[in-house]
Amino acid sequence: MAAGTLYTYPENWRAFKAQIAAQYSGARLKVATSPPAFTFGQTNRTPAFLSNFPLGKVPAYQGDDGFCLFESNAIAHFLSNDALRGATPQAAAQVLQWVSFADSEIIPPASAWVFPTLGIMQFNKQATEQAKEDVKRALTVLNQHLNTRTFLVGERVSLADITVVCSMLWLYKQNSLLNKCQIVCHISQFISKVLAREKHVSHLFCSVRPA
Amino acid sequence: MAAGTLYTYPENWRAFKAQIAAQYSGARLKVATSPPAFTFGQTNRTPAFLSNFPLGKVPAYQGDDGFCLFESNAIAHFLSNDALRGATPQAAAQVLQWVSFADSEIIPPASAWVFPTLGIMQFNKQATEQAKEDVKRALTVLNQHLNTRTFLVGERVSLADITVVCSMLWLYKQNSLLNKCQIVCHISQFISKVLAREKHVSHLFCSVRPA
Amino acid sequence: AVDFLAQEKIWFDKTRYDEAERRFYERMNG
């Protein structure tokens, strides 16, 4: 069973994928988000950190045995168990399908929509309208898939569900955005089910109220 | 062993990941790129196609047993064997790490740099200069990793190598771009090794001359 | 969290690039 340390800044939705996967699988994960263990912007620019994690990005994982990984999908995969990864070749491929879907269909437009509302980017009406449409399109596909299923792959929670839920975190934090999106209840129910089974991490989403 | 059909337009670098993986693993893959089997822009908008592949994007894979997959990373993974996917949990995670690296560190700036030169998008000097810097940074990390290794993960070709090589296809097609990038020979040697072992697919890269 | 999020690298324009690529290859394929 994996054991190690996850370096990240607090409330990092990418790190949540790994943290939730570890909770489900039982991997022993220490999370370093603050001094002295880790200071984002400083520690990740040191030569020691960069020698293990050349991009200087977080989350970054170092096992107790020295094994190093960057890229959140890889870390979450490593900290998972076979059930989360997909126990058959078909299930494993479907898990990767939805992980890619989250990265390529949800994250870009969701970020383009949410970041201006957080004051991180300048607001651009045309870009925001396009982003909303793109988010709606992605969530419509997701909602349709969940019309007849409880989870994205198979009959139990997988890395697909964890990844997709985490990718929607900021959409849900900005609650009113999803209400405007007129999301059908399948997605909200889906999120509740993915998060409900794991009591240890529910506090990470305590500020989120599904629409 | 997987057997099915890959729907795509011709010369699609995303489809190449799956095609090369299938060649290595021995999966029986038919590739549908032209009428009557598949017409990009028409077939992928039909209700029949969208019922299996709701995003309408390619590459899309349908097994002879009816199993459907979208997202190129998932398809390539499914058509691989255990060696390509990474035979141990650590190797499998490292494969995913480099796949994510290709998607997040190479493809965005490579697209920003190359698309205007192909007439796909309008040229923007500032965006191009930034893209060049980002490509250089990503390839520097890659080159450094390959300084002491033949392949990205372990001692043999994996999905990591296939994905990273395919993600650089446009950069290499626009040969002069890489010359301007002053790529150290590690990457060129790396590409040659990844492609050299698989004679069946070398024709896919016949128009590419590594810098 | 917002301050940290501001330092994240996101491909905001991905959809625009996907769309441009799609149109390009649809034209190329008649």
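All values derive from a computational prediction rather than experimental measurement. Here is how names work: the chains are called A, B, and so on, in the same order as the sequence lines, proteins then strands, and each is numbered from 1.
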- prompt: Hey, what's the ring geometry for A/Tyr9 with C/Phe4, parallel, tilted or perpendicular (30° and 60° as the breaks)?
  reply: parallel
task: Provide the closest heavy-atom pair for A/Leu118 versus C/Val2 in the form atom of the first, atom of the second, distance.
output: O-CG1, 3.7 Å
- request: For residues C/Thr15 and A/Pro109, report the shortest heavy-atom separation together with the two atoms involved.
  value: OG1-CD, 4.4 Å
query: Taking everything shown except C/Glu19 itself, do over 12 heavy atoms lie less than 6.0 Å from its CD?
result: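 Result for CD/C/Glu19: enclosed.
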statement: When rounded to the nearest 0.5 Å, the distance separating CG of C/Leu5 from CH2 of A/Trp170 is 5.0 Å
- prompt: Do C/Glu8 and A/Asn12 have side chains that get closer than 4.5 Å, going by heavy atoms?
  reply: yes
field: Close side-chain approach of A/Asp103 and C/Trp11, heavy atoms under 4.5 Å
entry: no
